[in-house]
Amino acid sequence: MKLVRTKAELRAALDDLTGRRALVMTMGALHAGHLALVEAARANADHVVVSIYVNPLQFGPNEDFAAYPRDLEADLALLDGRADVVFAPSDAEMYPDQPLVRLDPGPVATVLEGATRPGHFAGVLQVVNKVMNLVHPDVAVFGQKDAQQLALVRTMVRDLDLGIEILPVPIVRDPDGLARSSRNSYLTAQQRAQALALSHALAAGSRAAAGGPAATLSAAESVLADAVGVRKDYLVLVDPLTFQPVVEGARAGLLAVAAWVGSTRLIDNLEVTF
Ligand code: AMP
């Protein structure tokens, strides 16, 4: 496994790779969720490139950019034997100049995560586009944990003819249901227990799905309403492509939740069929 810190080093490392190339983009603080993406990449390509970069463009001014967990040593230990190339650039390497040309992610980026985090998806697509252009992967792997991001990346690839296959990977959870997240490391033991309300709400919604969208949403809502220490941002049942609320009569939807546990903002989602 080769660690490269600059675009020039990346180019040189890529020159040595022949065959199909998969890209996994991460912000580091790697966990089992990321490793599932790396595994899917390995199963779908000859070579796996993992990027580790905490992209400042996708953080709002009052978000956790400075506090975001960073541990390159631990990340490299996890990736050893799983990845061929790890690209971990500095901010100066990624953005030597303030980027002037920006992407407009379109309407899906204005709701849910995009509503709470203005500019977030523009920042995400900027860095995804850049890293795709640097790595030239055949396939890029993204987690369904960030369902809205996945949808926007797919749309960008389609609309800009990037010609890269997008491979989605299901959410990896702890045995008790909590979705794995680098931000789980912010939680105290008590907050971690409280955070289970998110996945419990989704599960309750799923169990009520035979009753249709309204019953699904209300079952999920009642779990979240009873949860101690959890402040809801949104709990919605949306169309997985448009992220607009599903209409009565729809056959499937994405139940998506975002909530603060203490000062940590967590997201989770689950596909439901009615
Ligand atoms: P991040 O490092 O949080 O930016 O995530 C990098 C990639 O890993 C994204 O495609 C995420 O959707 C994916 N990912 C993060 N957590 C999980 C998880 N628990 N299960 C599946 N994919 C995940």
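Indexing begins at 1, ligand by ligand and atom by atom, following the structure's order.
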Ligand 1 and [X], any nitrogen or oxygen pair closer than 3.5 angstrom?
{"X": "Gly143", "value": "yes"}
{"X": "Arg180", "value": "yes"}
{"X": "Gln144", "value": "no"}

Interfacing atoms of ligand 1 (cut-off 4.0 Å, heavy-atom, [X]):
{"X": "Thr26", "value": "2 (O), 6 (C)"}
{"X": "Phe142", "value": "10 (O)"}
{"X": "Ile171", "value": "20 (N), 21 (C)"}
{"X": "Leu37", "value": "7 (C), 8 (O), 10 (O), 13 (C), 22 (N)"}
{"X": "Met25", "value": "6 (C), 7 (C)"}

(request) Following the transitive rule for hydrophobic clusters with a side-chain heavy-atom cut-off under 4.5 Å over Ile, Leu, Val, Met, Phe, Trp and Tyr, establish whether Leu224 and Leu202 coincide in one cluster. (result)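 Yes; Leu202 is reachable from Leu224 via cluster members.
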(message) Count I, L, V, M, F, W, Y as connected when their side-chain heavy atoms are under 4.5 Å apart, and connections chain through other members. Are Val108 and Val246 then in the same cluster?
(response)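 The answer is no; the residues belong to distinct hydrophobic clusters.
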(request) For Pro170 and ligand 1, answer yes if some heavy atom of the residue is under 4.0 Å from a ligand atom, otherwise no. (result)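 Yes.
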Indicate yes or no: does [X] engage [Y] in a salt bridge with an N to O separation below 4.0 Å.
{"X": "Arg180", "Y": "Asp268", "result": "no"}
{"X": "Asp64", "Y": "Arg265", "result": "no"}
{"X": "Lys2", "Y": "Asp84", "result": "no"}

(request) Can you spot which of Leu30, Val48, Leu35, Val24 makes a side chain to side chain contact (heavy atoms under 4.5 Å, CB included) with Arg82? (result)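 Going through Leu30, Val48, Leu35, Val24 one by one, the side chain to side chain contact (heavy atoms under 4.5 Å, CB included) with Arg82 is satisfied by Leu35 alone.
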(message) Please state which option from Arg183, His34, His31 has its nearest heavy atom closest to atom 16 (N) of ligand 1.
(response)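 The residue whose heavy atom sits nearest atom 16 (N) of ligand 1 is His31.
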(request) Determine, stepwise, if the pair Arg192 / Asp174 fulfils salt bridge (charged side-chain N to carboxylate O under 4.0 Å, His left out). (result) CA-CA 11 Å; Arg192 195 197 168 287; Asp174 282 334; 3.0 Å; yes
Among all protein heavy atoms, pick the one closest to [atom] and tell me residue, atom and distance.
{"atom": "atom 11 (C) of ligand 1", "answer": "Asp146 OD2, 3.0 Å"}
{"atom": "atom 23 (C) of ligand 1", "answer": "Lys145 CB, 3.9 Å"}
{"atom": "atom 4 (O) of ligand 1", "answer": "Met27 CG, 3.5 Å"}
{"atom": "atom 20 (N) of ligand 1", "answer": "Val172 N, 2.8 Å"}

(request) On the 0 to 90° scale, with breaks at 30° and 60°, tag the Tyr68-Tyr186 ring pair as parallel, tilted or perpendicular. (result)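 Perpendicular, since the angle between the ring planes exceeds 60°.
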(request) State, yes or no, whether a side-chain contact exists between Leu10 and Val135 at a heavy-atom distance under 4.5 Å. (result)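 Counting from C-beta outward, Leu10 and Val135 do come under 4.5 Å.
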